[in-house]
Amino acid sequence: MDSRTLAYQRFYAATQPIRDHPAKPLEATAPRAPVCGVCARPWDAVEEPGKALAYRYESGMAYQWQCMTCATGRLGSSGAFGVERYSKGHPVAAKLNMMSGTPVIITADNVMHIAPPKKIADKIAHGIYAQRGQVHSRTGKFPLLLLLTRLWKSGELGDVERGFVCIGGFNRKLGAVMSNLRVSTSLHEVWIIDDSGRRTIDVLGLLALRDRLRDLGLERKACQAKFWRPIFNATQGQYDDAAIDQWMEQTPGGDNLVSLLPTDPHVRLEVPKYLNQMEDA
Amino acid sequence: MEPFRIVLALHAPIVLPDVVPRLDRLLHEASCRLHRDWSVQHALPLAFDGALGLYRASQLIMATTRASAIRAASYARPTRGQAMDLTVTRNPREFKISGSKFLQKAGQYKAYWPPYAVFYGEGDGRQCARLLQLLDGIGREHSAGMGRFEIVDVRAAGRADAWQCRSLPPSCNPPWADTYHVLHDHEPLGVFGEPTPVIRPPRVIREVM
């Protein structure tokens, strides 16, 4: 099975409690469009064939027909998550779409793990996911790698080669996330899906870099972007020969460190951020 | 049929599609443009490997020099706007990526800007270069000016197996297995066809010129 289809199946299976306990009854209708408006799969290829939910961004705009898998992120579910807030005394159920900055990992065994900020974690503490222990506490601003390495070390990630889904965060662009789902089958190339599309990071490569920095006693320093300044400047198009030579002289094992840095310039620029996340993993 | 290397100087960043640009697929698109026919499989000036069932052509390799690295660039474009009905974008001038009611329909994409890009292949290198010049650019959004290039060098490749830097059937023992991690994926091996299980190198590969 290709990596895209498998990712939708994993997402569908992992989010079943949301559809089992909807805040409002689901009004599934026959679709009036040839394909799902988000994932663009034909209606016989989606997880619930021929069933769609109509959605429009605001009144006056056109309707879009979404398959049950793609619409799940918009469904409020007080059973699965809990009550997000009260509006004029009425409870408003929490939904995946509203959990901004919350990384989600769906393991090879179709189990969804999320690491929301503390504010959100407190609100959803009584839902099914929290009671099953799938809502994780977090530190730092970008906890995706922290969650991933934790799940991997504890064995909860399952057999990596069977494929897991790694979502960086839903934020406001649910459509951009749901249309880009795909599984990762190696920790050397983890596909992170977020509202700016898909990107890959080499998690094992970053762990090797972290270990090397630890050996050299530079672990704390390397968490700051200014430590890498001449290298990062070159990655952003400002190459300064003299500054790089000076950095190499000043940094013990500089040559080796540069060879361990990720080839992908976008990941390279985010190395301090990722090193911060992996601190206690 | 000689092993060759084509070097492209890049004038704009490349937005990588899901399947990394590959010489045989680019040449096929160029042939389609030449013949104005997208419905048939054209003969390419590349050696066909009958045993593996693919043209001997490498994927895009980013080439850097001593003085310039692969540069991190970005590109903003609508994400789901094109999939929505036309009535949704009532006023195109309102379309902003910094934040408005269209926020959820636009996104920033990561692009790569190495000074040069390199392809390896086996076949008639000069003919391949002539064909390649028919394309506006490589990668996603090439029609919007991304991945614009100029061919600066075509010459015999130093190594005969350099074209194998691409997705291959899982039974292969690729020469790059010592350098890169072998990744398992699904990709079409030929110019046409359904995705099949393959092994491939990482998407971003660097070569120092």
Side-chain angles (χ1 to χ4, degrees), chain A residues 1-6 33 35-40 56-58 60-64 97 161 171-180 182 184-189 191 194-200 202 204-205 231-239 241 262-270, chain B residues 13 15-18 62 64-81 83-90 97 99 101-115 140 180-187 194-197 200-207:
Chain A
M1 189 184 298
D2 73 291
S3 48
R4 195 169 136 83
T5 314
L6 186 58
V35 293
C36 166
V38 177
C39 61
R56 60 178 170 177
Y57 189 59
E58 59 184 42
M61 286 187 163
Y63 276 105
Q64 191 184 43
N97 193 21
E161 282 171 19
N171 294 333
R172 288 169 64 186
K173 301 176 194 172
L174 181 68
V177 173
M178 288 311 298
S179 59
N180 278 316
R182 73 167 276 166
S184 314
T185 50
S186 165
L187 284 170
H188 279 297
E189 191 185 72
W191 288 81
D194 58 22
D195 51 9
S196 59
R198 294 178 253 210
R199 59 209 166 101
T200 55
D202 178 355
L204 294 183
I231 311 288
F232 284 5
N233 280 351
T235 307
Q236 285 165 320
Q238 295 170 318
Y239 190 90
D241 218 347
T263 315
D264 188 323
H266 296 284
V267 185
R268 186 176 279 210
L269 289 173
E270 289 178 335
Chain B
V15 182
L16 284 185
D18 278 356
M62 301 190 184
T64 57
T65 60
R66 176 75 181 85
S68 46
I70 306 176
R71 200 165 151 183
S74 65
Y75 178 64
R77 64 180 277 275
T79 45
R80 300 306 300 164
M84 300 285 268
D85 301 52
L86 280 176
T87 45
V88 172
T89 46
R90 281 173 300 190
I97 58 158
K101 62 182 174 182
F102 292 104
L103 185 68
Q104 69 156 228
K105 294 171 202 80
Q108 280 215 312
Y109 281 73
K110 292 188 179 351
Y112 301 86
W113 201 354
R140 268 170 86 164
Y180 307 115
H181 304 289
V182 178
L183 301 165
H184 293 261
D185 202 350
H186 288 74
E187 273 181 16
E194 289 296 304
T196 50
R200 63 169 176 81
R203 289 159 60 76
V204 180
I205 295 180
R206 181 178 45 190
E207 182 180 296

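Each chain gets a letter, A, B and so on, in the order its sequence line appears, and its residues count up from 1.
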Original post:
Which value, rounded to the nearest 0.5 Å, describes the distance between A:D2 atom CG and B:E187 atom CD?
Top reply: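 The distance works out to 12.0 Å.
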Original post:
Between atom NE2 of B:H184 and atom OG of A:S186, what is the distance when rounded to the nearest 0.5 Å?
Top reply: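 The OG atom of A:S186 is 8.5 Å from NE2 of B:H184, to the nearest 0.5 Å.
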**OP:** Of all the heavy-atom pairs spanning B:I70 and A:P265, show the shortest one and how long it is.
**Re:**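 Closest pair (atom of B:I70, atom of A:P265, distance): O-CB, 3.5 Å.
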Original post:
Mind checking whether A:H266 and B:Y112 have parallel, tilted or perpendicular rings, split at 30° and 60°?
Top reply: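 Geometry flag for B:Y112 against A:H266: perpendicular rings.
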Go through the atoms of [X] and report whether side chain, backbone, both or neither lie under 4.5 Å from a heavy atom of chain B.
X      : value
A:D241 : side chain
A:T185 : side chain
A:R268 : side chain

**OP:** Please assess B:D18 against A:R198 for the test side-chain contact (heavy atoms from CB on, under 4.5 Å), listing each intermediate value before the final yes or no.
**Re:** CA-CA 9 Å; B:D18 278 356; A:R198 294 178 253 210; 2.7 Å; yes
Original post:
Given the options B:S68, B:P114, B:A111, which has more heavy-atom pairs under 4.5 Å with chain A than any of the others?
Top reply: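 Most heavy-atom pairs within the cutoff with chain A belong to B:A111.
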Original post:
In chain order, what residues pass the side-chain contact (heavy atoms from CB on, under 4.5 Å) check against A:E189, with sequence neighbours excluded?
Top reply: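 A:E189 satisfies side-chain contact (heavy atoms from CB on, under 4.5 Å) with A:W191, A:T200, B:L183, B:R200, B:R203 only.
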Original post:
Can you list the residues that meet the side-chain contact (heavy atoms from CB on, under 4.5 Å) rule with A:L6, with sequence neighbours excluded?
Top reply: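 Here the qualifying residues are A:M1, A:R10, A:V183.
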Original post:
Looking at side-chain heavy atoms only, is the closest gap between A:D202 and B:H181 below 4.5 Å?
Top reply: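 In short, these two side chains touch, coming nearer than 4.5 Å.
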Original post:
Cut-off 3.5 Å, side chains only: do A:Y239 and B:R66 have a donor facing an acceptor?
Top reply: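 Yes, because at least one side-chain N or O of A:Y239 sits under 3.5 Å from a partner of the opposite role on B:R66.
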**OP:** Any chance you could lay out the side-chain contact (heavy atoms from CB on, under 4.5 Å) test for A:R182 and B:D185, step after step, and finish with the verdict?
**Re:** CA-CA 11 Å; A:R182 73 167 276 166; B:D185 202 350; 3.1 Å; yes
